[in-house]
Amino acid sequence: MDNLNKISVVNINKKYNGQIILEDISFDIKSGEFISILGSSGCGKTTLLKILIGIEKSDTGSILKDGEEITNKKPSERGMGLVFQNYALFPNMNVWNNVAYALKAQRLPKEEIKQRVDDVLAIVGLSEFALKKPGKMSGGQQQRVAIARTLALNPDIILFDEPMAALDADIRMSLRKEIKELQKKLNKTMIYVTHDQEEAFSMSDRIIVMNDNHIVQYDTPNNIYKHPQNDFVKKFVVNHLDEKAKAILDSTK
Ligand SMILES: Nc1ncnc2c1ncn2[C@@H]1O[C@H](COP(=O)(O)OP(=O)(O)O)[C@@H](O)[C@H]1O
Ligand SMILES: [Mg+2]
């Protein structure tokens, strides 16, 4: 079991209207890893996530989870949960009901819904906000509700699509830590899409760097920093890290 890759993506290609969006995408993710997909806007990150969770089809290639082919499985059969860029909470439902919504739709027993919603609200630190409406909360808190909503479905892989894009800098910093702590606590495989170098470098076990619809390097933050494999990674990733991030990386072997 241990040496099985949690996710293997093999030779994914995708075009929209004849235009190449993803080109020969292949990578493995181990169980419990925190992986970032780092790339600028338009390079195909969201499309890749959609293909992983099954709401979009690739033209070629396959996806394996725990060694089993899931390429043609329905989203609901993949055990993956997505936290969106814009959290799209129901404005007229309180936090508790926002989180419970999908569980009710699955017709789970009442006691189990209560248990799960209470548990995940505690995990993201929002128990006291259970009866609040999302509109009365900060952007960071709303994003935590969105995370709780995904956690409640108990996926074994959690995907994030630029979850902090709409948040202020200081909230982003604290939410980075919270997501990392969450991962340690839950020990779940996480795939985190971002265009932000600092975010990818501070949170990830390994980073998939994308440019022009393909992967240009996949390695640990430390190796990418110390051995960028091409000019793109050197110029647009490593050189763009701030001094603090560089100092941390310089101090590691
Ligand atoms: N449903 C679609 N139909 C046509 N083109 C699309 C569709 N979705 C995305 N694209 C195009 O594919 C490219 C990659 O988009 P996307 O995966 O959203 O990139 P990213 O998330 O990295 O910003 C963009 O040029 C975008 O305009
Ligand atoms: Mg996107």
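FYI, the numbering just counts along the sequence from 1. None of the values given here were measured: they were computed from a predicted structure.
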Legend entry - Exercise: identify the closest heavy-atom pair between His214 and Glu23: CB-O, 3.5 Å
Legend entry - pair Ile12-Ile63: side-chain heavy atoms closer than 4.5 Å: yes
Inset, instruction - Quick one: do Leu151 and Leu186 satisfy side chain to side chain contact (heavy atoms under 4.5 Å, CB included)? Show the steps, please. - result: CA-CA 10 Å; Leu151 289 180; Leu186 303 172; 3.6 Å; yes
Legend entry - Validation row: Leu52, Leu82 side chains within 4.5 angstrom (heavy atoms): no
Side-chain donor-acceptor pairs of residues 238-247 under 3.5 Å, sequence neighbours excluded:
from: Asn239; atom 1: ND2; to: Lys234; atom 2: O; distance (Å): 3.4
from: Asp242; atom 1: OD1; to: Lys244; atom 2: N; distance (Å): 3.2
from: Asp242; atom 1: OD1; to: Ala245; atom 2: N; distance (Å): 2.8

Legend entry - Ile113 to Ala100 - nearest heavy-atom pair and separation: CG2-CB, 3.9 Å
Inset, instruction - State plainly whether one hydrophobic cluster holds both Phe232 and Tyr225, where clusters connect Ile, Leu, Val, Met, Phe, Trp and Tyr through side-chain heavy atoms under 4.5 angstrom apart. - result: yes
Legend entry - Atom CZ of Phe27 with >12 non-hydrogen neighbours under 6.0 angstrom: yes
Inset, instruction - State yes or no: do Val216 and Ile35 share one hydrophobic cluster built from I, L, V, M, F, W and Y residues joined by side-chain heavy-atom distances below 4.5 Å, directly or via other members? - result: no
Inset, instruction - Evaluate the side chain to side chain contact (heavy atoms under 4.5 Å, CB included) criterion for residues Glu68 and Lys73: first the C-alpha distance (whole Å), next the side-chain angles of each, then the deciding distance (0.1 Å), finally the verdict. - result: CA-CA 11 Å; Glu68 182 206 350; Lys73 282 200 168 175; 2.8 Å; yes
Legend entry - Asn223 side, atom CG; Leu249 side, atom CG - distance, nearest 0.5 Å: 10.5 Å
Inset, instruction - Please answer whether the main-chain N or O of Asn230 pairs with a side-chain N or O of Lys235 as donor and acceptor at a distance below 3.5 Å. - result: no
Legend entry - Nearest heavy-atom neighbours spanning Ser204 and Pro221: O-CG, 3.5 Å
Legend entry - Distance in Å, Ile207 CD1 paired with Asn222 CG, rounded so as to fall on 0.5 Å steps: 10.5 Å
Inset, instruction - Evaluate the side-chain proximity of Val10 to Ser62: yes if any heavy-atom separation is below 4.5 Å, no if none is. - result: yes
Inset, instruction - Using ring-ring contact (aromatic ring centres under 6.0 Å, His included) as the criterion, list what pairs up with Phe129, not counting sequence neighbours. - result: none
Which donor-acceptor pairs under 3.5 Å do the side chains of residues 136-144 make with protein atoms, sequence neighbours left out?
from: Ser138; atom 1: OG; to: Gln141; atom 2: N; distance (Å): 3.2
from: Ser138; atom 1: OG; to: Gln141; atom 2: OE1; distance (Å): 3.4
from: Gln141; atom 1: OE1; to: Ser138; atom 2: N; distance (Å): 3.0
from: Gln142; atom 1: NE2; to: Pro134; atom 2: O; distance (Å): 3.1
from: Gln142; atom 1: NE2; to: Met137; atom 2: O; distance (Å): 3.1
from: Gln143; atom 1: NE2; to: Pro163; atom 2: O; distance (Å): 2.5
from: Arg144; atom 1: NE; to: Val124; atom 2: O; distance (Å): 3.1
from: Arg144; atom 1: NE; to: Glu178; atom 2: OE1; distance (Å): 3.3
from: Arg144; atom 1: NH2; to: Val124; atom 2: O; distance (Å): 3.2
from: Arg144; atom 1: NH2; to: Gly125; atom 2: O; distance (Å): 3.3

Inset, instruction - Step through the shown structure and confirm whether more than 12 heavy atoms of other residues, nucleotides or ligands are within 6.0 Å of NZ on Lys132. - result: no
Inset, instruction - Any chance you could measure Trp96, atom CH2, to Lys114, atom NZ, to the nearest 0.5 Å? - result: 6.5 Å
Inset, instruction - With sequence neighbours left out, write down each residue that passes side chain to side chain donor-acceptor pair (under 3.5 Å) with Thr60, or none if nothing qualifies. - result: Asn13
Legend entry - Atom pair CD (Glu162) and CD1 (Ile37), whose distance is rounded to the nearest 0.5 Å: 10.5 Å
Legend entry - Glu77 CD: over 12 foreign heavy atoms closer than 6.0 Å: yes
Legend entry - Side-chain ion pair, Glu112 and Arg116, N-O less than 4.0 Å: yes
Legend entry - Asn211 CG to Gln217 CD distance, which is reported to the nearest 0.5 Å: 12.5 Å
Legend entry - Stepwise side chain to side chain contact (heavy atoms under 4.5 Å, CB included) check, Phe34 with Asp205: CA-CA 5 Å; Phe34 192 108; Asp205 296 313; 3.6 Å; yes
Inset, instruction - Looking only at non-hydrogen atoms, find the nearest pair between Ile70 and Met80 and report the distance. - result: CD1-CE, 3.6 Å
Inset, instruction - Could you tell me whether Lys65 and Asp156 have a side-chain N and a carboxylate O separated by less than 4.0 Å? - result: yes
Inset, instruction - For the residue pair Ile208 and Tyr218, establish whether any side-chain heavy-atom pair is separated by less than 4.5 Å. - result: yes
Legend entry - Under 3.5 Å: donor-acceptor pair, side chain of Thr194, backbone of Asp196: yes
Inset, instruction - Sequence neighbours left out, what passes ring-ring contact (aromatic ring centres under 6.0 Å, His included) with Phe160? Give chain and number order. - result: Tyr192
Legend entry - Residue pair Ile7, Thr189: steps toward the side chain to side chain contact (heavy atoms under 4.5 Å, CB included) verdict: CA-CA 9 Å; Ile7 287 282; Thr189 307; 5.6 Å; no
Legend entry - Connected via hydrophobic side-chain network under 4.5 Å: Ile20 and Ile25: no
Inset, instruction - Please answer: with hydrophobic residues joined when any side-chain heavy atoms are less than 4.5 Å apart, are Ile123 and Val83 in the same cluster? - result: yes
Inset, instruction - Without swapping roles, check the side chain of Asp219 against the backbone of Ile224 for a donor-acceptor pair under 3.5 Å. - result: no
Inset, instruction - Kindly compute the distance separating OG (Ser8) from CG (Asp66), expressed to the nearest 0.5 Å. - result: 9.5 Å
Inset, instruction - Answer yes when Arg172 and Glu198 have at least one side-chain N-carboxylate O distance shorter than 4.0 Å, and no when they do not. - result: no
Legend entry - Minimum heavy-atom distance Asp28-Arg206, with the two atoms named: O-NH2, 3.2 Å
Inset, instruction - With the side chain counted from C-beta on, respond yes when Leu89 and Arg149 share a heavy-atom pair under 4.5 Å apart, and no when they do not. - result: yes
Inset, instruction - Evaluate salt bridge (Lys or Arg N to Asp or Glu O under 4.0 Å) for Lys6 paired with Glu33, printing each intermediate quantity in order. - result: CA-CA 9 Å; Lys6 192 71 183 177; Glu33 268 192 309; over 6 Å; no
Inset, instruction - State, yes or no, whether a side-chain contact exists between Leu182 and Ile158 at a heavy-atom distance under 4.5 Å. - result: no
Inset, instruction - Verify the cluster assignment for Ile215 and Val209: are they in a single hydrophobic cluster under the rule of side-chain heavy atoms below 4.5 Å apart? - result: no
Legend entry - Asn94 side chain near Asn97 side chain, heavy-atom distance below 4.5 Å: yes
Legend entry - Where Gly81 and Pro155 come nearest, the two heavy atoms and their spacing: N-CB, 3.4 Å
Inset, instruction - Measure from the side-chain N and O atoms of Asp161 to the backbone N and O of Phe84, and report whether any donor-acceptor pair falls under 3.5 Å. - result: no
Inset, instruction - List for me each residue that meets side-chain contact (heavy atoms from CB on, under 4.5 Å) alongside Lys57, sequence neighbours excluded, and say none if there are none. - result: Asn72
Legend entry - Side-chain heavy atoms of Met203 within contact of Met190, under 4.5 Å: no
